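Okay, so here's the structure we're looking at.
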Amino acid sequence: MIRVRFAPSPTGSPHIGNIRTAVFDWLFARHEGGVFILRIEDTDRARLVPGAMEEIMRDLRWAGLDWDEGPEVGGPYGPYIQSERVDLYQKHAEQLVAEGRAYHCYCTAERLEEMRKAQQAAGKPTGYDQRCRYLTEEERAALASESDTFVIRFAMPTSGQTSFVDVVRGELSFDNALQDDFVILKSDGYPTYHFASVVDDHLIKISHVIRSEEWISSTPKHVQLYSALGWEPPAWVHPSLILGPDRSKLSKRHGAVNFSTYIEEGYLPDAMVNYLALLGWSAGEDRDIYSIQELIEKFTLEGITGHPAIFDAQKLLWMNGVYIRQTSMNRLAELILPYLQKAGLVSEPPSDSELDYVRKIVPLIQDRLKVLSEAPELAEFFFREEPAYDPKAVQKWLERPEASELLTKVVDRLEELEEWNVGAIESAVREAGADVGAEGGKVIHPVRVASTGRTVGPGLFETLEVLGRDRVVTRLRRAGSSEQ
RNA sequence: GGCCCCGUCGUCUAGCGGUCCAGGAUGCAUGGUUCUCAGCCAUGAGAUCGAGGGUUCGAAUCCCUUCGGGGCUACCA
């Protein structure tokens with residue numbers, strides 16, 4: 001049975017890279033008919049951010065990455081929050097100590113710091129000097145009695161190599177002598193990541209550890225831990241990092257990296273998952289748009305690339321536009337409604353007529369939307385009592401002698417229309433234009449500016465139809481008479 | 001510094017010894033559709049496959065060296 005886990009640390013908001021890993025985990029589990037597990041790695045009490053765990057779960061749910069075991073849903077190997085499992089880590093750590101595979105260390109932070117400085121100054125690899133590893137019983141007892149705190153360090157083999165197979169890179173090998181006697185249990189009684197993840201991955205029966213490249217160098221530590229504990233390690237899968245435009249690890253410096261930012265800006269869940277799946281993975285085909293179902297069908301570990309990928313916000317934007325165009329009108333109306341309300345264009349809750357109006361506007365802006373948050377800007381003139389007139393547009397199309405006459409003719413004809421629909425509106429406007437010797441853009445542009453305040457926008461006749469006769473007549477009359 | 005990973009158009013990538021004087025997408029440019037914008041359609045520019053050596057009849061694909069980028073190097077994850 002394939003069992004994978006997404007194991008974030010609640011130290012802040014999930015960012016693009018975190019969710020990309022979750023996407024890989026989830027896609028792999030679903031492809032294999034396996035189990036996707038969410039485990040919270042909150043063993044660093046100092047960096048814990050209140051609410052971060054909730055945000056992680058909210059983001060995953062928003063993206064449709066549902067977990068089969070984990071917080072709020074439970075499962076046979078819980079709890080799935082590491083701070084609730086400390087006794088487990090302590091038990092296994094003590095077991096390692098009893099077996100001589102780990103030891104208590106009484107060195108102070110100050111001594112460790114000095115040691116590191118000296119090592120760096122001497123140009124030597126840094127790492128614990130194992131002072132507490134070879135203590136005699138007497139020395140150990142003495143230190144224990146005079147020191148109230150200690151950590152437990154793992155006794156790494158001092159020679160030989162540790163090898164393991166990484167699914168995306170093949171066999172990797174590291175010198176044991178260069179590995180540190182790393183801490184497995186901190187002085188506050190909590191485990192370090194290295195220890196907690198190994199204990200949990202085993203106890204929770206994880207078959208594949210999928211985590212980003214930054215963990216490769218500590219994998220030999222984990223492999224040795226498995227060996228000391230007498231456990232079989234899982235398959236290791238290390239996709240490459242996601243980089244910022246400057247090619248360094250994606251971080252806050254690069255701007256919008258928090259996943260929630262993309263939710264707020266109005267990216268669609270499926271578009272985000274589609275885009276993230278393609279960052280570091282490929283189905284080996286000449287295409288980019290995949291439904292979630294298709295991604296599940298196609299996703300294999302073999303398609304994961306071994307080189308870093310730079311996050312391309314422009315391509316994401318394009319892809320989101322594709323998804324918006326694929327969205328049904330009614331659905332899109334629902335999606336943009338909150339944005340229109342936030343901008344004060346539609347009341348909360350919306351009236352039936354407002355809802356109806358929004359639905360009529362959607363077809364006109366769908367092709368022009370790349371993210372939902374652009375909706376208010378694109379549709380503002382539909383809602384305002386008086387549209388915001390672009391001064392340059394007014395100057396170019398309305399502040400000319402013939403404009404007033406033209407607009408008047410247009411309104412006159414529009415008012416006489418029996419049917420208010422695109423065809424009738426178009427005929428009326430064009431005929432009015434012909435009356436004053438203006439055709440095509442010469443009549444369309446002034447009318448657009450007069451009715452919407454701008455030179456760009458959806459097709460004029462469709463726009464007028466949706467605006468409705470009352471608004472159109474009012475705006476054209478006003479613009480036609482208030483010649484500057 | 002040490003250890004490790006990686007290196008194909010600006011970007012995401014296809015490619016796993018010959019069908020590649022390297023394909024798709026994005027972005028960019030130009031043209032078409034049209035009332036503008038967007039969309040859509042078409043065309044184009046854009047990668048001597050980081051570089052240098054090999055192996056081979058033949059290499060982006062295998063080997064070595066080199067350079068470059070990145071990651072790790074905590075009682076953080």
Side-chain angles (χ1 to χ4, degrees), chain A residues 7-11 41-44 46-47 105 107-109 112-113 116 119-128 149-153 166 168-169 172-175 178-180 182-194 196-197 211-220 238 240-241 243 245-249 275 278-289 303 305-319 321-322 325 364-370 378 393 426 429-430 439-445 447-449 454-461 463:
Chain A
S9 172
T11 52
E41 312 227 325
D42 59 346
T43 56
D44 185 342
R47 291 201 308 154
C105 171
C107 295
T108 63
L112 261 19
E113 185 53 36
R116 232 184 325 270
Q119 288 167 335
Q120 274 165 351
K124 291 190 178 151
T126 55
Y128 181 59
T149 65
F150 63 88
V151 300
I152 295 182
R153 288 183 181 274
D166 177 278
V168 342
R169 295 150 218 279
L172 266 26
S173 225
F174 295 75
D175 269 328
L178 264 17
Q179 294 296 325
D180 208 2
F182 59 99
V183 172
I184 60 176
L185 208 68
K186 299 182 269 191
S187 55
D188 63 4
Y190 280 77
T192 57
Y193 167 85
H194 303 300
S197 69
R211 80 230 303 192
S212 65
E213 190 186 0
E214 55 194 319
W215 295 105
I216 290 180
S217 16
S218 44
T219 304
H238 293 105
S240 292
L241 259 12
L243 272 28
D246 67 350
R247 300 200 155 275
S248 71
K249 194 168 152 184
Y275 179 73
L278 260 32
L279 260 195
W281 173 81
S282 163
E285 303 177 315
D286 283 346
R287 48 185 289 216
D288 292 283
I289 303 297
T305 60
H307 53 270
I310 293 173
F311 181 72
D312 183 356
Q314 279 190 310
K315 187 159 184 175
L316 204 213
L317 193 62
W318 160 77
M319 191 172 281
V322 172
R325 275 171 248 129
L364 305 196
I365 63 172
Q366 184 172 37
D367 282 354
R368 278 155 260 258
L369 270 181
K370 286 217 165 62
L378 282 175
E426 173 160 8
V429 171
R430 287 191 190 279
E439 51 185 42
K442 287 276 199 308
V443 45
I444 287 167
H445 294 311
V447 175
R448 171 180 284 111
V449 173
R454 4 174 141 181
T455 56
V456 301
L460 177 68
F461 310 117
T463 300

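A, B, ... follow the sequence lines: proteins, then strands. Residue 1 opens every chain. These numbers come from a predicted model, not from an experiment. Just so it is clear, the values below take in all heavy atoms, side chains as well, and ignore hydrogens, waters and symmetry mates.
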Paired with B:A74: which nucleotide, if any, by Watson-Crick or G-U wobble criteria at under 3.5 Å for both distances?
none
Have a look at A:K442 and say if it touches a base, only the backbone sugar-phosphate, or nothing, with a 4.0 Å heavy-atom cut-off.
nothing
5′-ward residue of the pair A:L316/A:S282 relative to RNA chain B:
A:S282
Let me know the distance between CD1 of A:I184 and C1' of B:C76, rounded to the nearest Å.
17 Å
A:D44 has its side chain closest, among B:C35, B:C5, B:A77, to B:A77
Pick the P atom in B:U19 and in B:C62, then give their distance to the nearest Å.
16 Å
Would you please name every residue forming a ring-ring contact (aromatic ring centres under 6.0 Å, His included) with A:F150, sequence neighbours left out?
A:H104
Nearest-nucleotide wise, let me know which of A:I444 and A:L172 is further upstream toward the 5' end of RNA chain B.
A:L172
Would you indicate which nucleotide in B:C5, B:A74, B:U13 comes nearest to any side-chain atom of A:T305?
B:U13
From A:H445 NE2 over to A:T455 OG1, what is the distance, rounded to the nearest 0.5 angstrom?
8.5 Å
Under a 3.5 Å cut-off for both distances, is B:G44 Watson-Crick or wobble paired, and to whom?
B:C28
Check every strand shown and say whether A:G127 touches a base, only sugar-phosphate, or nothing at a heavy-atom separation below 4.0 Å.
nothing
Can you tell me how far C1' of B:U13 sits from CZ of A:F311, to the nearest Å?
16 Å
With sequence neighbours excluded, what pairs up with A:K186 under the side chain to side chain donor-acceptor pair (under 3.5 Å) test?
none
Name the closest nucleotide to the A:V456 side chain, picking from B:C37, B:C35, B:C3.
B:C37
By nearest atom, which of the nucleotides B:C12, B:A77, B:G2 is closest to the A:R47 side chain?
B:A77
Every protein N/O within reach of nucleotides 40-48 of chain B N/O, cut-off under 3.5 Å:
{"from": "B:C40", "atom 1": "OP1", "to": "A:R325", "atom 2": "NH1", "distance (Å)": "3.2"}

Contacts of A:D180 that satisfy side chain to side chain donor-acceptor pair (under 3.5 Å) - sequence neighbours left out
none
Nucleotide forming a Watson-Crick or wobble pair with B:C9, both distances under 3.5 Å
none
Output the single nucleotide from B:A74, B:C35, B:A14 whose closest atom is nearest the side chain of A:T126.
B:A74
side-chain N/O A:S218 vs B:C4 OP1/OP2, d < 4.0 Å:
no
Under 4.0 Å between any heavy atoms, over every strand shown, what does A:P458 touch: base, sugar-phosphate, or nothing? Just pick one.
base
Remember a base hit wins even if backbone is also touched, and classify A:R211 as base, sugar-phosphate or nothing at under 4.0 Å, heavy atoms.
nothing
Within the 6.0 Å centroid threshold, strictly below: A:Y275 and A:F311
yes
Please pick, from B:U11, B:A14, B:C35, the nucleotide with the shortest atom-to-atom distance to any side-chain atom of A:L460.
B:C35
Taking only side-chain nitrogens and oxygens of A:R454, does any of them come within less than 4.0 Å of OP1 or OP2 of B:C37?
no
Whole-Å P distance, B:U65 and B:C3
14 Å
Look only at the side chain of A:T219 and the backbone of A:W215, and say whether a donor-acceptor pair between them is shorter than 3.5 Å.
yes
Atom C1', compared across B:G50 and B:G68: separation rounded to whole Å
7 Å
Rounded to whole Å, how long is the line connecting atom NE2 of A:H307 with atom P of B:C9?
10 Å
Any strand is fair game: report the nucleotide pairing with B:C62 by Watson-Crick or G-U wobble, both distances under 3.5 Å, or none.
B:G54
Without decimals, in angstroms, what is the distance between A:D288 CG and B:U26 C1'?
8 Å
To the nearest Å, give me how far apart CZ (A:F174) and C1' (B:G2) are.
13 Å
Determine the contact category for A:S9: base if any of its heavy atoms lies under 4.0 Å from a base atom, sugar-phosphate if only primed atoms, P, OP1 or OP2 are that close, otherwise nothing.
sugar-phosphate
Distance, rounded to the nearest Å, where A:K124 contributes NZ and B:C3 contributes P:
15 Å
Say we look at B:A51 and B:A77: how far apart would their P atoms be, to the nearest angstrom?
42 Å
Taking salt bridge (Lys or Arg N to Asp or Glu O under 4.0 Å) as the test, write out the residues that go with A:D44, two or more places apart.
A:R47
Please state the C1' separation for the pair B:G27 and B:U11 - nearest whole angstrom.
8 Å
Residues A:P308 and A:L243: closest non-hydrogen pair is CB-CD2, 3.3 Å
Test for a donor-acceptor pair under 3.5 Å between the base of B:C37 and the side chain of A:R368, counting only N and O atoms.
yes
note: A:L178, atom CG; B:U73, atom P; distance rounded to Å ~ 14 Å
Taking the P atom in each of B:C64 and B:U55, what is the distance between them to the nearest angstrom?
15 Å
In whole Å, measure the gap between the C1' atoms of B:G7 and B:G15 for me.
15 Å
Just to confirm, is there a sub-4.0 Å distance from OP1 or OP2 of B:C4 to any side-chain nitrogen or oxygen of A:R169?
no
Using atom C1' of each nucleotide, how far apart are B:A60 and B:A47 to the nearest Å?
11 Å
A:T192: which residues meet the side chain to side chain donor-acceptor pair (under 3.5 Å) condition with it, sequence neighbours left out?
none
Tell me, please, which residues at least two apart from A:R325 pass side chain to side chain donor-acceptor pair (under 3.5 Å).
none
Treating A:R211 as the side-chain partner and A:I216 as the backbone partner, does any N or O pair qualify as donor plus acceptor under 3.5 Å?
no
Is the phosphate of B:A77, meaning OP1 or OP2, less than 4.0 Å from a side-chain N or O of A:T43?
yes
Answer with base, sugar-phosphate or nothing: what part of the nucleic acid does A:G457 contact at a heavy-atom distance below 4.0 Å?
base
Let's test your reading of the model: under 3.5 Å, does the base of B:A25 pair with the side chain of A:K315 as donor and acceptor?
yes
Could you give the distance from SG (A:C107) to CZ (A:R153), rounded to the nearest 0.5 Å?
6.5 Å
Closest nucleotide among B:C12, B:C3, B:C35 to the A:F461 side chain:
B:C35
So, using salt bridge (Lys or Arg N to Asp or Glu O under 4.0 Å) as the criterion, who are the partners of A:R169 when residues are at least two apart?
A:D166
Which letter, B, S or -, goes with each nucleotide of nucleotides 63-71 of chain B from 5' to 3', with contact meaning a protein heavy atom under 4.0 Å?
------SSB
Classify A:V151 by what it touches in the nucleic acid, base, sugar-phosphate, or nothing, heavy-atom distance under 4.0 Å.
base
Answer yes or no: does a side-chain N or O of A:H194 lie under 4.0 Å from OP1 or OP2 of B:C75?
no
Keeping the roles fixed (side chain from A:E213, backbone from A:L241), state whether a donor-acceptor pair exists under 3.5 Å.
yes
Between C1' on B:U34 and CD on A:E426, what's the gap in Å once rounded to a whole number?
11 Å
